[in-house]
Amino acid sequence: MAWRNSKIVSMCFLLILALTLFSWSLERNDTFTVGDLKVAPGEAKAGYLSVPEKDNIGSFIPITVVNGLKKGKVLALVAGVHGYEYPPILALYRLKKMIDPQSLSGTLILVHIANLPAFQKRIIYYNPYDWKNLNRVFPGDLQGTLTQRIAYVLKKEVIERCDYLVDLHCGDGNEALIPYCYWMISNDKKIDDISKDMVLAFGIEHIIIDKTRTRDITQSKYCGNTAVLLQKPAITTESGYLGRTDEEATVRNIKGILSVMRHFKMIEGKPEPVSDPVWIDRYEVVYSDHDGLFYPLTKMGYYVTKGQKVGYITDFLGEVKQELKAPFSGIILYIINTPPTSKGEPLFEVGRIKE
Ligand SMILES: [Zn+2]
């Protein structure tokens, strides 16, 4: 009898061991490969995605992959689509040191500086090699100019590889901007519900309900919109301004990302969603009709009423050429705060608060 009992005990033990090993193997993450980087579970690695050369001009995109020991979601965090937008860039370098791959579930793809040529030359909006705006040329083109090729590499190696994406922006070097986010509506309820949770989890109170983005993937234009059109819930965030490196904006970016990660159960803890969001149901960017100097007459975050004078433009001789008025009543989400302006460039953005 004793012999039979001990046999049953050892069989039970083996069964439990087998089940434990089986569930462990189910939970254990896979190796994540992107570009030349091969990252084992529980490991973090940094390197470059290369943007192929054409006419002797190529580029590199510095990235870090933090691959959690346990299975989970793949979250892509993209900074530096505009190279003069520093707080998101600084936030990702700091975040990289904060996340332990041993305790992470899922995978983080950190794109540190998407538009390296713009960053290196300290240029707002554009890439100095072709004067294109990276956040207007998605989904990119491998045969196109440098900016188009950068977009293509980001789409192939980052957007297509992730489950969710946060495209991190701020006021460019010339833009005074209050923190806000874009919640892009795709009309696919499943996607929109997830991205709504993401935008709330990020914790910034002003949220634009953005129904203006195209649904044609070949013309997706924006990094975030490309992700949404590829069925990857995504948000675009704006925190920081005027080319500054202020701590408050950097910390707001980090807190937002950690909260989104908690929402997706990638790290321990509860997300801290914004409790009382200010929804913005209409927005408009007003552009310059002239080359010259812009003089703002109001400030970021101020309320303007329809027809109110918001600023004016003079030519290079100081003659007033254009007066800018608010197209409708709302708040100034951003306004250009340095003098240079060129025809076709943005001057300010107004958002209408949803009743
Ligand atoms: Zn930007």
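When a ligand or atom number is given, it counts from 1 through the structure's own listing order. Residues: numbered from 1 along the sequence shown. Quantities reported herein were computed from a predicted structural model and do not represent experimental measurements.
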Enquirer: Distance under 6.0 Å and angle within 45° of the ring axis: does R136 meet both against Y125?
Expert: no
Enquirer: With rounding to the nearest 0.5 Å, note down the distance linking OH in Y180 to CD in E238.
Expert: 4.0 Å
Enquirer: Work out which heavy atom in S239 is nearest to a heavy atom in L177; give both atom names and the distance.
Expert: N-CD2, 4.4 Å
Enquirer: Work out how many protein N, O or S atoms lie closer to the Zn ion (ligand 1) than 2.8 Å.
Expert: 4
Enquirer: Measuring from Y164:OH to M198:CE, what's the distance to the nearest 0.5 Å?
Expert: 8.0 Å
Enquirer: State whether the number of non-hydrogen atoms from other residues, nucleotides or ligands found under 6.0 Å of Y302 atom OH is greater than 12.
Expert: no
Enquirer: Looking at K265, I'd like to know if its NZ atom is crowded, meaning that more than 12 non-hydrogen atoms belonging to other residues, nucleotides or ligands lie closer than 6.0 Å.
Expert: no
